[in-house]
Amino acid sequence: MTPDDSDTIDREALAILNRVFGYASFRGLQHSIVAHVAAGGDALVLMPTGGGKSLCYQIPALIRDGVGVVVSPLIALMQDQVDALRELGVRAAFLNSSLGAREAATVERAVAAGELDLLYVAPERLLTPRCLELLDGAKIALFAIDEAHCVSQWGHDFRPEYLQLAVLHERWPRVPRVALTATADALTRREIVAKLALESAREFVSSFDRPNIRYRIVEKVDPKRQLLDFVAGSHAGQAGIVYCASRAKVDEIAQWLSAQGIPALPYHAGLDNATRSAHQARFLREDGLVMVATIAFGMGIDKPDVRFVAHLDMPRSVEGYYQETGRAGRDGEPAEAWMAYGLADVVQQRRLIDLSEADEAYKRVSSAKLDAMLGLAETIDCRRVRLLAYFGEASGPCGNCDNCLEPPEPWDATEPARKLLSCIYRVRQASGFGFGAQHIIAVLRGQASERVRQHGHDALSTFGIGADLSETEWRAVLRQLIAQGLVAVDHARHQVLVLTDASRALLRGERTLQMRRPKADVGRRAGRGARRARGDSAAAGAQAPAGGAADAAVEALFERLREWRRTTATARGVPPYVIFHDATLRGIAERRPASLEELAAVGGVGEKKLDAYGAELIGLIGSAGP
């Protein structure tokens, strides 16, 4: 490519960004990626959710001759993705199993006739002889492989069909390919490169930081009540996702939240397809809904105004946590990631690994991923520093996580830990068999229950030696010991606690145990923290130069614009965010454009949307008064 070619691509890319998408400039690595792919280069793109990955293939597809083929596993979302592009004036369609024969034939004729700019296709459809032959006869601009981490057999979203996508390079060696993902550690990156034959691809790795997301992890005390305090305290009326580990828990929490006056829907693989689709459609198209789900829900969710993601059970890996929390705040506005975490989470995750039928190599990788997740949950340092370090990115304290905002009290738990290990040993020695956490803690705290007396454990030297600590504090110590492999749980014997070889060093005084001091009043603190977060936002708004009255006028107009958007989206049969994102509506409310030229200067207002909605918006703003 000559310098003249490069200049031409740059000018055309910026013109498309302005004219079609309504943005004045590229963000981060977008410009470099667009230029590289538009010039015919292969690329591996790692960019956080909400970082603008889609533009990295959409704009090159519009620059190059032919149709851009986007491989995506997200059948349920393709309709919305295509609707959003059509709203921008882009000729887009999809091919997947949701289409009838006649509809699919119409799309296929459009591909063959060169009438499409972008075609979204599910991997299982792409790999059929019929689809491969269709593309053989078409002019292809590029292949975009979205959610490329699905190729990883170690990952949380593994899709076997992704392993066959190397056929794209073999069958169309001169067509550029761009693989994109929001989450991939070093191991997963190597897998993507090897299995998609991207050895010669240029890698673009953006910062994994999402500074608009506030991270909070609290100790489980009364998880349902803590969740309610969190949602009702600072996120009332806002859209959010609550992740649970089991289908039964999803149903329970969705029903319970609804009974508390919070509109909530369940989503998991146990529901029939029609129910899942209906619930997902409502979540995408309505404001203020909470989706309670297993990890079956969420990959690639394009809803930009999800204001929170909550976990009532700990994810299996940092990648899973990062991907799931990244569904909040895609519009760049403030959002919150909240997790309640306790001893049972550690025990359950270890149990799943131990009882897995996978080979030892897989178990080792799974254990390492879990250790990293446990480290994030237990750290007394900045959460974001720990999170970004997992992906190889150095950073400083963020000032926007719980540990930065409310620094935890460090605690030398070496002596309590030695007492707990000794108690496990003495109880087992006295009885000839082991006991679970509740019994061991009762002995430590000197609680002479009927079961403790029955086994004579009230006569042990360790009986009552831990009476100075609460049950919450002892559970926190035990959680840390299990997390560090100093205590194991024998799942074959009813969750019995057993010492490990690593226990000896602590018992002998050869190592120490540092941890965060548990908060006995964590349930009350969660509610106060949520309310304080809302107060922080209000305080920030109160300090804005415009003043209180002006702020109120902006909010009033913003709500009028949202209501207009709801009505317009319903009439067009698309989700509200397909019309305009909240960030665009807020920009309109703040600038109050009085002409089409002024409206065109607001980010997210491209030519097609200006033509479709401009006059109506100017009229609405004018009628809103000063």
Side-chain angles (χ1 to χ4, degrees), residues 19-23 50 52 54-55 77 79-90 92 212 235-241 263 265 278-291 301-308 327-335 541 551-625:
R19 184 181 72 251
V20 177
F21 297 96
Y23 296 109
S54 58
L55 291 180
L77 299 176
Q79 179 72 65
D80 289 340
Q81 292 167 326
V82 167
D83 284 343
L85 287 166
R86 288 175 176 170
E87 281 285 325
L88 296 170
V90 177
N212 61 311
H235 298 290
Q238 297 180 344
I241 304 171
L265 297 171
H279 286 187
Q280 180 162 286
R282 282 192 60 191
F283 180 73
L284 293 174
R285 293 167 188 262
E286 297 180 23
D287 292 327
L289 275 179
V290 175
M291 184 69 87
I301 283 293
D302 287 332
K303 187 176 176 69
D305 60 347
V306 174
R307 297 270 65 89
F308 68 89
R327 287 157 196 156
R330 288 173 57 96
D331 53 7
E333 296 293 303
D551 289 345
V554 168
E555 286 303 313
L557 179 54
F558 176 63
E559 289 305 322
R560 285 195 67 180
L561 290 168
R562 279 167 55 90
E563 184 57 39
W564 167 84
R565 182 182 64 180
R566 269 193 294 272
T567 303
T568 304
T570 300
R572 296 183 68 87
V574 297
Y577 64 83
V578 165
I579 305 298
F580 286 114
H581 284 192
D582 273 3
T584 299
L585 294 187
R586 188 166 291 282
I588 294 171
E590 290 171 349
R591 295 191 186 191
R592 302 181 72 90
S595 68
L596 293 178
E597 290 75 17
E598 292 178 6
L599 179 59
V602 177
V605 183
E607 280 187 0
K608 181 75 183 301
K609 292 191 176 183
L610 189 68
D611 290 343
Y613 308 120
E616 193 175 354
L617 283 171
I618 296 299
L620 187 152
I621 294 166
S623 68

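Residue numbers run from 1 in the order of the sequence given.
Residue pairs that meet the ring-ring contact (aromatic ring centres under 6.0 Å, His included) test with at least one member in residues 557-576, sequence neighbours left out, are W564-Y613.
Taken to the nearest 0.5 Å, the CZ atom of R560 stands 13.5 Å off from the CD1 atom of I588. Note: S623 OG to L557 CG = 9.0 Å, rounded to the nearest 0.5 Å. Atom CG of L617 and atom NZ of K609 lie 11.0 Å apart (nearest 0.5 Å). Here the CZ-CD distance, from R86 to Q81, works out to 12.5 Å after rounding to the nearest 0.5 Å. Expressed to the nearest 0.5 Å, how far CZ of R330 lies from NZ of K303 amounts to 11.5 Å. Atom CG in L85 sits 8.0 Å away from atom OG in S54 (nearest 0.5 Å).
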Report, one line per pair, each donor and acceptor closer than 3.5 Å where one atom sits in a side chain of residues 280-289; sequence neighbours left out.
| from | atom 1 | to | atom 2 | distance (Å) |
| --- | --- | --- | --- | --- |
| R282 | NE | E286 | OE2 | 2.9 |
| R282 | NH2 | E286 | OE1 | 3.3 |
| R285 | NH1 | G573 | O | 2.8 |
| R285 | NH2 | D80 | OD1 | 3.3 |
| D287 | OD2 | R566 | NH1 | 2.6 |

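For R562 and D582, the salt-bridge test passes: some basic side-chain N is under 4.0 Å from an acidic carboxylate O. Taking the charged nitrogens against the carboxylate oxygens, E555 and R586 do have a contact shorter than 4.0 Å, which makes a salt bridge. Ion pairing between a basic and an acidic side chain is recognised when a charged N comes within 4.0 Å of a carboxylate O; D305 and R307 show no such pairing.
Taking each heavy atom of L561 and A589 in turn, the nearest pair found is CD1-N, 3.9 Å. In terms of heavy-atom proximity, G614 sits nearest to L599 at CA-CD2, 3.6 Å. In this structure, V20 and V90 approach most closely via the heavy-atom pair CG1-CG2, 3.8 Å. When all heavy atoms of I621 and R592 are compared, the closest pair comes out as O-NH2, 4.0 Å. Closest of all the heavy-atom pairs between L596 and A615 is CD2-N, 3.8 Å.
In this structure the side chain of R565 reaches within 4.5 angstrom of the side chain of L585, judged on heavy atoms. Between M291 and H279 there is a side-chain heavy-atom pair separated by less than 4.5 Å. In this structure, V290 and L265 have side chains that are not in contact, with every pair of non-hydrogen atoms separated by 4.5 Å or more. Within the 4.5 Å cutoff, the side chain of I579 has heavy atoms near those of the R572 side chain.
A donor-acceptor pair under 3.5 Å is formed between the side chain of N212 and the backbone N or O of G329.
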